[in-house]
2 protein chains.
Amino acid sequence: MVKTATKLDRTKLDRTEVVSAALDLVLREGPGALTMRRLATDLDVGTPTIYWHVGSRDELVAAVIRAQAERFAERSVEGTTARDRVLSAARNIYAAAAEERAVTSLAHQTGTSSLLLGRLEDALIAELQAAGLNRAGVHDALRSILVVVTGALVLTLRDPTKHAADRDELVWSGCDLDALTTATLRAVVDRHVHE
Amino acid sequence: MVKTATKLDRTKLDRTEVVSAALDLVLREGPGALTMRRLATDLDVGTPTIYWHVGSRDELVAAVIRAQAERFAERSVEGTTARDRVLSAARNIYAAAAEERAVTSLAHQTGTSSLLLGRLEDALIAELQAAGLNRAGVHDALRSILVVVTGALVLTLRDPTKHAADRDELVWSGCDLDALTTATLRAVVDRHVHE
DNA sequence: ACCTGAACACCGTTCAAGT
DNA sequence: ACCTGAACACCGTTCAAGT
């Protein structure tokens, strides 16, 4: 009897195959599940094999983040007025990251958020320039907006099951973080782009 | 010859002693240094002893955060107008957390930030109420302000030595995050508290 | 070139056993 | 009540050795 593999008759393992398996693992079971041993088991391979293909865990994570970043690329900016378009581009960053909580958390933990959201940040920069801001104005507005987006993301991704203080429950229960983010963004966008 | 201990002639180990040693360790060498074994070595004691006193690492971290939170308590709110006082209370949260990067990072990693900053958040709530906002208004303003403070903190604590993208360098180099935070806070405070 | 078993140096945690 | 040595089940990583 020919040895028919249980999973799929792998001939060779590919670097991109490793990375996409890692991304799948993160999407399915969260960032905590991304272990070299676990990934190796999923791929039906020894642990050192993973290292041969990706070098280290840090490099693997960076590759995973980049893979997800490409999926974020095709979000388009809506609106006609400069303000609306800037707000739309800013909301895109928040919305994309909030939709893929697992990958965003992973990026956040490893300090590679800008690797994940860089393309969408570039789109925001383009809208700020189109709004007529000069170099310094673009930078100021961009930074302020990223402060709000980052804060909104952290508060959104926070695990609500383990509120540190009892007061958290009161303050954040029944809070539409999406609407809150939009409102807060509008406040800082209005500050930076006039008409 | 009587057995004179090398460090200090410990008679008994105390729970508060364990916690303050842990806080010291975090302040001196960062959150990554806080391991049960390392702390046990510092206290010249076996690892299970730490567990006997604090239960688990999570409980230890919570106690450490609470200890630092008490040191944050005495910051006072400045200003005369309602807007200035709200802004001052908001800035206090950011400033306190930014001054103790190590503990703030630890709180952030473990999702216990509100345990660290709760007292200062309460002070902010008091100022919002004093500004004449009703219950819903206080909550809305508080949440928006916490979004900005959280975002500013994350971007401030971020390790600048490992910028994920090359563009980060360009956007954030020579950026006064303190001034940026104040400006962004002013934008959302002005939005919520009118005179 | 691609993959492995075995090991190294770490974790948090537990537990029977000592005083 | 307080503390210990030894173990368990995990990590990331390396390395000689196999094909």
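Chain letters run A, B, ... following the sequence lines, proteins first, then strands; residues in each count from 1. As the structure is a prediction and not an experimental result, all values here were calculated from the model.
The CG-P distance, from B/Leu43 to D/dC2, rounds to 15 Å in whole Å. Between A/Lys12 atom NZ and D/dT19 atom C1' there is a gap of 11 Å when expressed in whole angstrom units.
Taking only side-chain nitrogens and oxygens, A/His53 comes nearer than 4.0 Å to OP1 or OP2 of C/dC3.
In this structure the side chain of B/Arg119 never reaches within 4.5 angstrom of the side chain of B/Phe72, judged on heavy atoms. Between A/Leu133 and A/Gln129 there is no side-chain heavy-atom pair separated by less than 4.5 Å. Within the 4.5 Å cutoff, the side chain of B/Leu13 has heavy atoms near those of the B/Leu43 side chain. Within the 4.5 Å cutoff, side-chain heavy atoms of A/Asp42 are placed close to those of A/Arg28. Side-chain contact between B/Thr181 and B/Arg91: absent, with no pair of heavy atoms (C-beta onward) separated by less than 4.5 Å.
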Query raised in the report: Can you give one letter per nucleotide of nucleotides 12-17 of chain D, going 5' to 3': B for a protein heavy atom under 4.0 Å from the base, S for sugar-phosphate only, - for none?
Result: BBBB--

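A side chain to side chain contact (heavy atoms under 4.5 Å, CB included) with A/Val149 is found for exactly one of A/Val188, A/Leu185, A/Val154, namely A/Leu185.
Secondary-structure annotation of DNA chain C gives the stems C:4-8 with D:12-16, C:12-16 with D:4-8, with a stem taken as at least 3 successive Watson-Crick or G-U pairs whose two distances both fall under 3.5 Å.
Sequence order on DNA chain C of the closest nucleotides to A/Trp52 and B/Arg38 puts A/Trp52 first from the 5' end.
Side-chain atoms of B/Thr104 come within 3.5 Å of backbone atoms of B/Ala97 as a donor-acceptor pair (strictly under, hydrogens ignored).
In this structure, the ring of B/His108 has its center less than 6.0 angstrom from the ring center of A/His108.
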